[in-house]
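Inspection log for the structure reproduced underneath, given as structure tokens.
Each ligand, and each atom within it, is numbered from 1 in the order the structure gives.
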Amino acid sequence: MYLHVQATDKCRSEPSVLAYAVHCQTDAHGRPVAGVVVICRDRLTGATYNHQATVQTVIHELFHALGFSKHLFHTWRDCSSTSPVGANCSPRGKVTHSDESGQMRIYTPSVISALQKHLASADPELGGPLENLDVPAGRVSSHWESRVLQGSIMAAVLGDSTTVRIDSATLAALQDTGWYTVNLSRAQSLVWGDGEGATFGSLSTCQDRSSSFFCTGSGFGCHYLHLHKGECQTDQYLEGCRVYKPFQNGSECWKEENGRKSAEEVWSGEIFGFDSRCFFSNLTRQVCVCVKCLILNSLFNINSFSLHLSQSPSLLFSSPVEGRCYRHRCTGPNGYQIQVSGSEWVDCPAGGTIQIKGYQGLVSCPDRRLCLYPDVTPPSDNVITFPASITSDPYETLTSAQNGTWAPLRPPTELTVATALGITAAVCLLAAVVVSYRKCCSCRVRIHSAPEHHSDL
Ligand SMILES: *[C@@H]1O[C@H](CO)[C@@H](O)[C@H](O)[C@H]1NC(C)=O
Ligand SMILES: *[C@@H]1O[C@H](CO)[C@@H](O)[C@H](O)[C@H]1NC(C)=O
Ligand SMILES: *[C@@H]1O[C@H](CO)[C@@H](O)[C@H](O)[C@H]1NC(C)=O
Ligand SMILES: [Zn+2]
């Protein structure tokens, strides 16, 4: 394997390409025996450089050169009946076929069993689905279908590096080349689609709300690993299916520096840090009532009105459900507690919703996402992350989407506050400034430490 770090013509003419690979020699039976990975030199410097993403890029390209390639599928060999591996194997012949829905799939034993296990289905038609975007009918691509194997190292789009997995379907494919002995138990868990059944990720089911991995509309929520907040979006590979994608900036719950102590954070009870995760929530701190009283008293001096307001707070402070960062700690498989700013640790029953003392609104407790996959954790070193997408022609190339085409920029904090908390809350905020910051602050601090006093208002 040759590794070139170079500014090639291809790198220069296609600024979005990070790296590309090709096998350059095969033996008499079609096994690749030499290959090259070219990493575009200029992509190894600059503000967007990310070590982990670069490692993943190289692994992705290596896997192409080792055999996960449309140029090599037809030379894969069946070595199941021989030992040692490599001696007297027989050609597998054509391993890619279309299923009855027209989806091209790899049909080899380990790949089928990896898919069946992953989706918890015994369907024998469950081969490894291949990306169909920009692929002429009857031809195949060198990537897994993003809708079904989102997050796989061999998907056509690599997202944020903390969400990319070297999954069992990919290792199974390398095993089925017949050229390698693979320890399949080294696969990382691919949370995406786990146990969701044979039709998971199909165009006909992704928009019918039957799976919590997909979303509809364009709201804010949580990436499915719950490490990041996200926005419901699609991309060309998802073909109209939508998922919560991390923002380009500041969506990691596990990064303490993302907690800017903004007004939004104070009102929503968010806590950022290594053990924080994303939850669907519309919690709103009840302190808002107090600020509002202050405001209304000082602006309009109408005591009776403010009293009335504080008695029907839910009417006033109804806020949309979105992704929020709260601390979590595991109590067992799929069992955990959460902590919101100023609250105790409280049990969060998976699949249920809870209220938090001192807050209005609800927090949803995700089912089978937290405290179930020991290898889904934040990276221990905080690195800048950026999304990357991959295209494959004429080589297996890896490109980046640094222009933010699929990762939205987060609106400025002030804007977010206004939209997230609604006009009522925005009035609250605005007037808090009018009333004077110190007055508002002292109110907040007092209520923070003694919420009972406040609720007697
Ligand atoms: C396969 O990987 C597992 C997990 O790392 C390890 O415990 C096991 O010993 C490995 N098996 C072989 C044959 O290397
Ligand atoms: C991300 O946030 C940092 C710090 O707030 C800022 O300097 C940078 O410009 C932001 N990047 C984008 C793409 O918004
Ligand atoms: C929070 O969301 C729930 C369900 O979506 C809704 O019933 C409730 O009124 C909301 N509460 C607040 C305070 O916004
Ligand atoms: Zn690729």
As a quick check of understanding, evaluate disulfide (SG to SG under 2.5 Å) for Cys241 and Cys206, giving each step before the final call. CA-CA 6 Å; Cys241 299; Cys206 75; 2.0 Å; yes

Steps toward salt bridge (charged side-chain N to carboxylate O under 4.0 Å, His left out) verdict (Glu270, Lys229): CA-CA 12 Å; Glu270 290 194 280; Lys229 300 188 199 183; 2.9 Å; yes

Tell me if the centroids of the rings in Phe200 and Phe214 come within less than 6.0 Å of each other. yes

Would you indicate whether Cys215 and Cys232 have their SG atoms under 2.5 Å apart? yes

Only to 10 degrees, please: what angle do the NE2 atom of His143 and the NE2 atom of His64 make about the Zn ion (ligand 4)? 100°

Are any of the N/O atoms on Asn282, whether in the backbone or the side chain, positioned under 3.5 angstrom from an N/O atom of ligand 3? yes

Is the shortest distance from a Lys or Arg side-chain nitrogen in Lys245 or Asp160 to a carboxylate oxygen in the other one below 4.0 Å? no

Any chance the rings of Phe247 and Phe220 have centres within less than 6.0 Å? yes

Between Tyr20 and Thr8, does any side-chain donor sit less than 3.5 Å from a side-chain acceptor? yes

Pocket residues around ligand 1 (non-hydrogen, under 4.0 Å) come out as Asn183, Ser185, Arg186

